[in-house]
Every structure is written in structure tokens, then in C-alpha cells.
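For this chain, numbers begin at 1 and follow the sequence in order. Values below: every heavy atom of this structure, side chains too, minus hydrogens, waters and symmetry copies.
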Amino acid sequence: MNRRYLIEFIVIISGVFLSFYLDDIRQLGEKKQYKDTLIEELIITANEDVDQLNRVISELESVTISIDLMLDDISDGKINLSDDLIAASYLSVKTRMNFSFYPLSGTFDQLISTGSFELIESIELRRLLINNYTHLAQRNDANNRSLDDLWLSFIENVDPFITVIPSIDENASYIYADQNIDTYYIDHEFYLSKEFLAYLVSAKGSVSTNLDMLDLFKRNYSRIINLAQEN
């Protein structure tokens, strides 16, 4: 009799453990399936981020060209550029130098919050994702704040001497719109001053630093997309 009870007990316990085991396998399969869905979304958002990066990089490169044009012009203490070109160059710097890149981090946050991140098999992909959405993102935020502060400084200290009023096509997107000049005023003495020179040099340094940062992002995204597609 005792042997029969023992066998029944073993069968019941085995059934319970088997049920837990099968449930764990089912939940793990569901988590892996959800992880795969998030990885597909990650590839989409990463490509969108690359598109955004390319736009911001293009705008900041145009800022560098405008800064160099003015720096070359005032280097000999004389004005060689026309007022129209000075106004266009300054407008390009003032309206574009604070263009910022903001990563779409929602999918990465979901990977972390749902525990799906640990299911990513590629150690290199996990490392790149953490680097991209934490370390590089924090450095990017710091660069954006620096450019915003410099932009405000231009508004407060340069605009009273070099005032350019743009006209914008009302049907165009403001952020990336090509702005035409409506009216402008240029204080030539200020334009040739060491103060304006210092602002241009500071802007060039800050924009160059941000471009280096954005280049790191592009290379990182390229590797993330390739590894995610292999996942």
C-alpha cells in the first residue's frame, strides 16, 4: 500500500514540475518572440535615426562653410564679401548651428523594461546598444546644450549688430526650410571686431565637436543595424 502511495506522490510531483517546466518554456518562447519583434522595430527606428542624422549633419556642415567664409573674409581686417553674402552667411550660422539630433530610444527602453535585452544573443550588439542609448546619448545632450547656449549668446550679443530678418515659405517645414532674406542690417565695425571673430571661432569649434559626435553615432548605428539584421 505504501509503495502505491509513494508512486502516486511521485507521479503527482513530477506532473507539477513538468507543468512548471513547460510553462517556463512557453513563457521563454513568448519572450523570445517579443524580443524578435522589438529587434525588427529597432532596425526601423535606427534607420529613421540615420535619416535624421544625415539631415542634421548636412545642416551643420553648411554652417561650417558659412563660418569659414566669414573667417576668411575678416582675416585681413578688410571686408571683401558683399553685404548680401555676409547676411546670408550669418543667417545660415544663426538659424542652423543649434540643429540637434534626438535618438528614438523608445524601442531600446522597451527592450530593457521587458527583460528582452538579456535575450539578445550577440554580446557586441548589446554593448553597442548600451553605448548608443546611454553614453553617446548623454554626450550628445551635453553638446546640444552647449550649442543652444551659444545660439542664445549670438541672439543677445551679435544680433544687435548684425540683424537679418528672414522670409520663410509658409508651406515649408520651418526646421529644414531654406530661408530667404527679407531685410538686414550690418554694423561693419562690429563685423571686423575681435568680439565677432571670437564668436565665429567658438561657433566653429562647437559645431565641429558636434559633427564628430554625430559621426560616432552614424558609425554606431551602421553596426547596430547590421548586427540586428543578423540576430
Side-chain angles (χ1 to χ4, degrees), residues 42-75 86 88-109 111-112 122-158 162 173-179 194-229:
L42 181 70
I43 294 172
I44 294 172
T45 57
N47 278 300
E48 291 176 353
D49 277 344
V50 170
D51 289 340
Q52 183 192 168
L53 273 169
N54 288 332
R55 294 296 298 272
V56 175
I57 288 172
S58 176
E59 297 296 334
L60 292 182
E61 286 176 342
S62 72
V63 170
T64 300
I65 292 172
S66 296
I67 291 174
D68 286 339
L69 188 64
M70 289 186 287
L71 284 175
D72 289 341
D73 185 38
I74 63 180
S75 62
I86 291 173
S89 298
Y90 179 70
L91 180 63
S92 174
V93 172
K94 194 189 76 172
T95 57
R96 288 181 167 91
M97 71 177 178
N98 66 328
F99 277 8
S100 302
F101 167 65
Y102 297 101
L104 299 172
S105 60
T107 304
F108 172 76
D109 293 339
L111 283 167
I112 296 295
S122 172
I123 297 175
E124 178 67 5
L125 178 56
R126 293 203 301 267
R127 184 189 69 79
L128 288 170
L129 288 173
I130 291 175
N131 184 53
N132 198 77
Y133 293 102
T134 57
H135 176 60
L136 290 183
Q138 290 168 2
R139 288 178 58 188
N140 181 61
D141 287 341
N143 286 343
N144 289 341
R145 285 193 296 271
S146 295
L147 283 174
D148 286 342
D149 290 343
L150 183 59
W151 178 78
L152 288 174
S153 187
F154 265 74
I155 297 294
E156 295 172 357
N157 302 306
V158 180
I162 303 178
S173 170
Y174 177 76
I175 295 179
Y176 295 111
D178 289 330
Q179 301 185 34
K194 291 182 179 180
E195 184 178 0
F196 184 55
L197 174 64
Y199 273 107
L200 289 179
V201 171
S202 179
K204 181 175 181 178
S206 295
V207 169
S208 295
T209 298
N210 206 31
L211 282 171
D212 289 342
M213 179 79 256
L214 298 179
D215 183 61
L216 284 176
F217 261 120
K218 276 195 68 172
R219 284 184 276 145
N220 217 48
Y221 273 111
S222 177
R223 295 166 68 189
I224 285 173
I225 292 170
N226 288 336
L227 287 172
Q229 289 173 336

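With hydrogens and angles disregarded, a donor-acceptor distance shorter than 3.5 Å links the side chain of Asn226 to the backbone of Ser222. Judged by distance alone, with hydrogens and angles left aside, the side-chain atoms of Asn157 form a donor-acceptor pair with the main-chain N or O of Ser153 at under 3.5 Å. Put simply, the side chain of Ser92 never gets that close to the backbone of Ala88: no donor and acceptor are under 3.5 Å apart. Ser206 contributes no side-chain N or O that, together with a main-chain N or O of Ala203, makes up a donor-acceptor pair within less than 3.5 Å. Asp49 places no side-chain N or O within donor-acceptor distance of the main-chain N or O of Pro103, the cut-off being under 3.5 Å.
Considering CZ of Phe99 and CG of Asn144, their distance stands at 12.5 Å, rounded to 0.5 Å. Distance OH/Tyr199 to CD1/Ile162: 11.5 Å, rounded to 0.5 Å. One finds the CG atom of Asn220 at 12.5 Å from the CG atom of Leu214 (value rounded to the nearest 0.5 Å). Rounding to the nearest 0.5 angstrom, the gap separating the CE atom in Met213 from the CG atom in Leu53 is 9.5 Å. With rounding to the nearest 0.5 angstrom, the CD1 atom of Ile155 is 10.5 Å from the CG atom of Leu150. Note: Arg145 CZ to Asn143 CG = 9.0 Å, rounded to the nearest 0.5 Å.
Shown here for Asn98 and Ser100, the closest heavy-atom pair between the two residues is O-OG, 3.1 Å. For the pair Leu42 and Thr45, the tightest heavy-atom approach, listed with the atom from each and the gap, is O-OG1, 3.1 Å.
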As a quick check of understanding, evaluate side chain to side chain contact (heavy atoms under 4.5 Å, CB included) for Leu136 and Arg139, giving each step before the final call. CA-CA 5 Å; Leu136 290 183; Arg139 288 178 58 188; 4.2 Å; yes

Between Leu60 and Thr64, is a side chain to side chain contact (heavy atoms under 4.5 Å, CB included) present by the stated rule, with each step listed? CA-CA 6 Å; Leu60 292 182; Thr64 300; 5.7 Å; no

Could you walk me through whether Asn210 and Asn140 pass the side chain to side chain contact (heavy atoms under 4.5 Å, CB included) test, one step at a time? CA-CA 8 Å; Asn210 206 31; Asn140 181 61; 4.2 Å; yes

Decide side chain to side chain contact (heavy atoms under 4.5 Å, CB included) for Ile67 and Val63; before the verdict, give the C-alpha distance in whole Å, the side-chain angles of both, and the deciding distance to 0.1 Å. CA-CA 6 Å; Ile67 291 174; Val63 170; 3.7 Å; yes

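Residues Gln52 and Tyr102 form a side-chain contact, since some pair of their non-hydrogen atoms from C-beta on lies under 4.5 Å apart. Side-chain contact between Leu129 and Arg126 is absent, with no heavy-atom pair separated by less than 4.5 Å. At least one side-chain heavy atom of Asp68 sits under 4.5 Å from a side-chain heavy atom of Leu71. With a 4.5 Å cut-off on side-chain heavy atoms, Lys94 and Val158 do not count as touching.
Using the six-membered ring where Trp is involved, Tyr133 and Phe108 have ring planes that are parallel, under 30° apart on the 30 and 60° scheme.
Ion pair Asp215/Arg219 flagged as a salt bridge, since at least one NZ, NE, NH1 or NH2 atom sits closer than 4.0 Å to an Asp/Glu carboxylate oxygen.
Around atom NZ of Lys204, no more than 12 heavy atoms belonging to other residues, nucleotides or ligands sit under 6.0 Å away.
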